[in-house]
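Below is one structure, written out as structure tokens; comments come after it.
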Amino acid sequence: MNLDIIFKAKTPVKFGGAGKWKQDDASKLFSSSQSMKFSWVQGLICFDCGAAFDFQYLLKCTKCGGLLDLVYDLPQTNWADLTDNNFQGMWRFHKVLPIRNPAHIVTLGEGSTALIPAPRLARSIGIKSLYLKYEGTNPTGTVKDRTSSTAVSSAKQFGASAITVVSTGNAGASLATYAHRGEIPSVIFCYHRGDPIKMSHMSLMASKFCVFEGEYDDLIRSVDQCVEEGLAFDGGATRNSFKHEGKKTIAYEVTEALGTVPDFFFSPVAVGEIFIATYRGFDEMQQMGMVDRMPTLVCCQSMQAQPIVAAFQSGQPFRPTTIQPTIAKGVAVGDPGPKGPRVLEILRQHSGMALAVSDAEIQEAQSLLAESEGLWAGPTGVVSLAALIQAGRNKQIPSNSSSLCIITETGLTSPYPPAQGQVVKTSLEDVRRLFSCV
Ligand SMILES: *Cc1c(COP(=O)(O)O)cnc(C)c1O
Ligand SMILES: [Zn+2]
């Protein structure tokens, strides 16, 4: 694959140079009037070996190669002190996001999406209450905008001179848009069978728009290598802990709006950013004394791409799987990298659930959502709802419980079978007759 189209970064992004994160530093942060800080972020910690690192852009543990996550210095707090209404959308929660200087924020108003009660759907599924967190109103129509905002803001924060991602559609359109907004050059790779509307969008926003036909795994290896050489900031989902933080705000927004956590929280899972990030959100709220329990987290995948569901249900360790085509392109991932085992670990530790749905169930959920609640979402967007409908049918959730489904994308950018409208004549008599039946 030809990769010499990638920008040569003027100042390569630094890797390594990790120092052990000292307890002294932590306490200094605490004593210096921490509630006044713009971000409560402290540093990074490795899941696998526990090594701690100063706050910096680092994609993996320099000791063991493990997945890193951000650590925050969290006080006991409440909604009034946590949120900042001088900011819009998800940046109201800047204290629990990893950007230290507001000048680095790149935003188009993502977040603060509607929490929509779905009483008719709840009744037909046979549960007490159902809420939909509708992410289709984000600037590019998907949940990805939350992570593109934290990714591009982080790229600015660390002085990166370019940003890149390999995408099947949504991620590329979203990241290219935010990079453009933040005036950071972007190199966006898209699978040649991506949805045409998403590809047009990407090609307008990206500095370099590249279509690939070869093996996805080969391309990812090449792009990851370029990212490690510092040629571009990592806009991909598998390793960058700064990027996935944006999706954490879904958990905060839902809990703030409901005043409590729902009993069941249904997320679609591809690489696992939504799942891991919202888990982190609930965990942080518990640490800050804002909620006293965790919802039951439900990992929802397509039957054609279900590495996590398969491992969870069989009790086996995580293994990447080969996948088959599915209409839910946004969750068509067989090898999510180190986040796959992490999702599985969270599911097992917290008694979660994992469900896989067929393309037919996805299409059924799409039309049921439109008919009963008036919302038009894309196939990937309703994977969570399709899983809830399946769980309801199989009596896997109690009828007196409350559920939340994240509807992750609008239906306006995905193909759908063409509509069959009634052919009419244009005379007044004929038109008048049409109104008699409504
Ligand atoms: C990417 C995507 C997902 C899956 O998100 P992960 O965080 O990678 O698990 C779900 N829905 C939509 C619409 C997406 O674009
Ligand atoms: Zn480690």
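All values below were derived from every heavy atom in this structure, side-chain atoms included, with hydrogens, water molecules and symmetry-related copies excluded. Remember, it's 1-based here, ligands and their atoms both numbered in the order they're listed.
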Original post:
Within 45° of the axis and under 6.0 Å from the centre of the six-membered ring of Phe312, does NZ or CZ of Arg348 qualify?
Top reply: no
Subject >> Any side-chain donor near an acceptor of the partner, Glu245 and Thr150, under 3.5 Å >> reply: no
Original post:
Close to the Zn ion (ligand 2), meaning under 2.8 Å, how many protein N, O or S atoms are there?
Top reply: 4
Subject >> From Ser414 atom OG to Ile327 atom CD1, the distance as rounded to the nearest 0.5 Å >> reply: 9.5 Å
Original post:
Just checking, Arg100 and Phe55: is the charged tip under 6.0 Å from the six-membered ring centre and within 45° of the axis?
Top reply: yes
Original post:
Going by distance alone, is a donor N or O of one side chain under 3.5 Å from an acceptor N or O of the other, for Thr326 and Asp359?
Top reply: yes
Subject >> Pairs meeting criterion salt bridge (charged side-chain N to carboxylate O under 4.0 Å, His left out) with involvement of residues 110-124, two or more places apart >> reply: Arg120-Glu373
Original post:
Is there any side chain to side chain donor-acceptor pair (under 3.5 Å) pair reaching into residues 380-391, and which pairs are they, with sequence neighbours excluded?
Top reply: Glu361-Gln390
**OP:** Kindly tell me which protein residues have any non-hydrogen atom under 4.0 angstrom away from an atom of ligand 1, grouped by chain and ordered by number?
**Re:** Lys144, Asn170, Lys247, Pro268, Val269, Ala270, Val271, Gly272, Glu273, Ile274, Gly330, Thr380, Thr408, Glu409
**OP:** Compute whether any side-chain donor of one residue and acceptor of the other, for Glu284 and Tyr252, lie under 3.5 angstrom apart.
**Re:** yes
Subject >> Pair Glu253 + Lys248, salt bridge at N-O below 4.0 Å >> reply: no
